[in-house]
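From a predicted model like this one, the values you see are computed outputs, not experimental measurements.
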Amino acid sequence: MELGDFLKLLWKHKNLLIIIPLVTIIVSYFLVKNLPDKYVSTAQIATGIVDQSRHLLDADPSGATKEQSIAHEFSNLIEIMKLKTLINQVSYKLIIHDLTDSVPFKPHSKLFNSMNPAARAHAVELFTNKFKTMQPLSYYNKDEQGLNELLRSMKYDERSLRKDLNMVRAEDSDFITASYESDNPQLSAFIVNVLCTQFIDYYTKTVRKNETDAVNYLAKLLDEKRDTLNKKTAELKDYKIKNGILNLDEQSKSLFDQIIVYNDRKQQAEKDVASYNGAIQKINNRFKPGDRQYIEATISKYNQDVLNSQDQLHILTDRYVRSGFNPKLKLGIDSLSNKLSAQINQTSDKYIINPLNAKDDLVKQKLTLEVTRDLAKYSIQSINQAVKELNARFNRLVPFDATVKTYNFDIDIASKEYLDVLNKYNQTNLQSTFSIRLRLAEPATPDAAEPSKKMLLIILSGVIAFAFCVIILFGIFFMDDTIKEPGDLVKSTNLPLLGHLNTVMGSLDLKKLWDVEHRDKMRLFKELIRSIRFEVDQELRGEKVLGVTSLANHEGKTVLAISLAYSYSMINKKVLLIDGNFDNPTISTTVSPRVYLEDYFKNNPDNYESFSNTTNVMGNHGGDVTLLEISDENFIRSKFNELKMKYDIIIIETPPLSSLNKSKEWLLFANKVVSVYGANKGIARWQKDDVNYLRNLNGKFAGWVLNKTDPKKDRF
């Protein structure tokens, strides 16, 4: 419904929607017909960021695509191209060209033409110097400030050039596209080529300088780390030479193994001594004291040879122990042991045996065991001495080991730092060798004029004008809170609706409202009145007094009251129409009644006979008076009861609610109230209280009648 209303609003203003866009199109045509053609020149720079053929040595082995990193690199390159330093280089080149070339890119400005040859030569010299040194013009220098003004007058300044300069990455390719649009094809190509060339030179120099600085720094750091490593290695070498250290780990292991071997031999010798002592004690226990004295006395002369052999065996055993149990010395020990055994046997053969005891074998065994025991005891002493010496040597290695480990730890750290720097140096050196190398893949050339946009601009102006008008009308429609249809009135007041009346075209003569000559004209109006009459009957339900009011004047109360009275009379109802509007007694003026309510409701017996059963209209004399000023409420109510006995329906036209008590006094005596509201206007803020009054009539309010609606909307 609302969309339909908006479309109707557009149709209502169709002439406006046609005329304004048409005027806009005509004006746009004259504005754009003399616009010069536009020439766009484009150049492409190959970056090598995405080109894998230029990353064979420094490519990622995993083959992972770093899209975000690539996007950042392209963004960085484009931002470098937008640097004011590079745009200034283009400005310098342009102004130098126009100052020195006979065919300038643009017509000379007034400031340009005002320069004499000396000033031009000075400007060329200064611009050339600024171009070579890539320095901006100073705004604080009067001379350079004048050159800035020259650039601005020719539209060669940085701000003017940026407007039509565009640099983007060509989709997901390896190229950056730079373009410029101007009125001169040579100018467009010149600007793009100068910008690309200066950008490549600037970027190449910057990258090369950074790479060289990085490589030189790493080379210097690498030399320092190498010197540190060599120094630590030399210190360890000198310490080992000074202290006679070959291999501490091997030496300590060898000493430890020797100590274990000596301890094992010591334990074995101690076991042998204990076993030999036990065996000798058992043999001694088998001799009587006299036998032992006899034996010792008879063999003493043979012990000297045995003792000499024992001494030799002790010396050899000591050498054997000190040599770490050298197998070669073991052969000598075995040979000497055999010789000692032979001497002991010879000693036992020379025994002077006690004739009472034949114990020569026991004597032989005892002598052998004693020699072996003594040899074991002496070997224990030698082993203890050797173990003591080995422990001393082992203890001497402990401080050496701590110092050597400290040196080795320092060497490991220095070696790791050296290798890290070496790897970084090699990587940086490789990257500097295969870093990004920008090249101008396709220089800009003067191209044909771009397709004309004049027609597009003209059409676009018309479309924009039409859209602007539609938006304005929509704003008016959106902000419009006027009531045009019955549903709008219900939504705005939340009160019921009895019906509506269409607008009657032309002048309205209440006397001739229902004449035959107006039958066709009033056909729709009569049908709507009949519908309202039916709804009023349903609301009254046998009651007889109907009050007709409105929120303001000129809403159509009089027309509705007269029309309802006529409609009720057409169904053979006895109707009384009371004109209660003292401020605007239209009914009284139109009908010229014989009875006036000031006379009838005034408590005066002389007025009773003036009212007859043939009276159907009761008028008023007008003036500044109210109903309750004529008579008191009880008397008026009694008079209304009399009227109810005579008439089937009593219709009262009251003043509007804006007259405050004048209308409300009449509504005290009405059984139902109908309010007329004129369409095509909104409910004002001050009328909200009157709407609330109708809402609080405790069921007496029958509903609204919307007057002056569009007859084209009504269909039967």
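A 4.5 Å side-chain heavy-atom check between I87 and L195 finds at least one atom pair inside the cut-off. Side-chain contact between Y180 and N166 is absent, with no heavy-atom pair separated by less than 4.5 Å. Within the 4.5 Å cutoff, the side chain of L564 has heavy atoms near those of the L546 side chain. Contact annotation: the side chain of R530 never approaches that of E535 to less than 4.5 Å [non-hydrogen atoms, C-beta and beyond]. Annotation: side chain of F190 is not in contact with side chain of P446 (no heavy-atom distance under 4.5 Å). Taking the side chain as every heavy atom from C-beta outward, S638 and F640 never approach each other to under 4.5 Å. Proximity of T493 to I683: side-chain heavy atoms (C-beta onward) are separated by under 4.5 Å at one or more points. Considering only heavy atoms from C-beta on, I70 comes within 4.5 Å of R169 through its side chain.
Crowding of F112 atom CZ: a count of heavy atoms from other residues, nucleotides or ligands under 6.0 Å exceeding 12. Within a 6.0 Å sphere centred on CG of D624, other residues, nucleotides and ligands contribute 12 heavy atoms or fewer. A 6.0 Å sphere centred on NZ of K644 holds more than 12 heavy atoms belonging to other residues, nucleotides or ligands. W11 CH2: 12 or fewer foreign heavy atoms inside a 6.0 Å radius. No more than 12 heavy-atom neighbours from other residues, nucleotides or ligands sit within 6.0 angstrom of NZ on K110. Counting heavy atoms of neighbouring residues, nucleotides and ligands inside a 6.0 Å radius, atom NZ of K155 does not exceed 12 of them.
Once rounded to the nearest 0.5 Å, the distance linking NE2 of H500 with CG of N707 reads 10.5 Å. A distance of 4.0 Å separates CD in E543 from CG in N671, rounded to the nearest 0.5 Å.
For the side-chain hydrogen bond (donor to acceptor under 3.5 Å, both in side chains) test, residues two or more places apart in sequence or in another chain that qualify with D537 are Y568. In terms of the side-chain contact (heavy atoms from CB on, under 4.5 Å) criterion, residue partners of N680 (sequence neighbours excluded) are, by chain and number, K484.
A cation-pi geometry, defined here as NZ or CZ lying under 6.0 Å from the six-membered ring centre and within 45° of its normal, holds between K639 and Y600. Annotation: cation-pi pair K544/Y647 absent, no NZ/CZ under 6.0 Å from the ring centroid and within 45° of its normal.
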With side chain to side chain contact (heavy atoms under 4.5 Å, CB included) as the test, would you mind laying out the steps for N581 and K557 before giving the verdict? CA-CA 10 Å; N581 192 349; K557 298 188 305 298; 4.2 Å; yes
Apply side chain to side chain contact (heavy atoms under 4.5 Å, CB included) to residues Y677 and V705 and explain how you reach the verdict. CA-CA 6 Å; Y677 190 87; V705 173; over 6 Å; no
Y596 and M618: side chain to side chain contact (heavy atoms under 4.5 Å, CB included), yes or no, with the steps? CA-CA 5 Å; Y596 291 88; M618 184 182 294; 5.9 Å; no
Criterion side chain to side chain contact (heavy atoms under 4.5 Å, CB included) on D157 and N88, from CA distance to verdict: CA-CA 7 Å; D157 58 298; N88 286 339; over 6 Å; no
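Side-chain N or O atoms of S160 include none that pairs as donor or acceptor with a backbone N or O of Y156 at under 3.5 Å. At distances below 3.5 Å, not a single donor-acceptor pair connects side-chain atoms of E653 with backbone N or O atoms of G580. One N or O on the side chain of R162 and one on the backbone of K82 form a donor-acceptor pair closer than 3.5 Å. Remark: the backbone N or O of A189 is paired with a side-chain donor or acceptor of S41 at under 3.5 angstrom. A donor-acceptor pair under 3.5 Å is formed between the side chain of K700 and the backbone N or O of L667. Under the 3.5 Å distance criterion, the side-chain polar atoms of S631 are left unmatched by any main-chain donor or acceptor of L627. Judged by distance alone, the side chain of S75 and the main-chain N or O of H72 form no donor-acceptor pair under 3.5 Å. In terms of modelled atom types and a separation under 3.5 Å, the side chain of E598 and the main chain of H621 share a donor-acceptor contact.
Looking at K602 and E629, no side-chain N of the basic residue comes within less than 4.0 Å of a carboxylate O on the acidic one, giving no salt bridge. Salt bridge absent: R695 and D689 never bring a charged side-chain N and a carboxylate O closer than 4.0 Å.
Between the side chains of T549 and T654, at least one donor N or O lies within less than 3.5 Å of an accepting N or O. A donor and an acceptor atom, one from each side chain of S28 and S461, are located under 3.5 Å apart. Side chains of T709 and E485: no donor on one and acceptor on the other come within 3.5 Å.
Screening N616, I587, I650, T558 against L577 for a side-chain contact (heavy atoms from CB on, under 4.5 Å) leaves a single residue, I587.
Here F635 and F601 keep their ring centres 6.0 angstrom or further from each other.
L597 approaches D579 most closely through the heavy-atom pair CD2-O, 3.1 Å.
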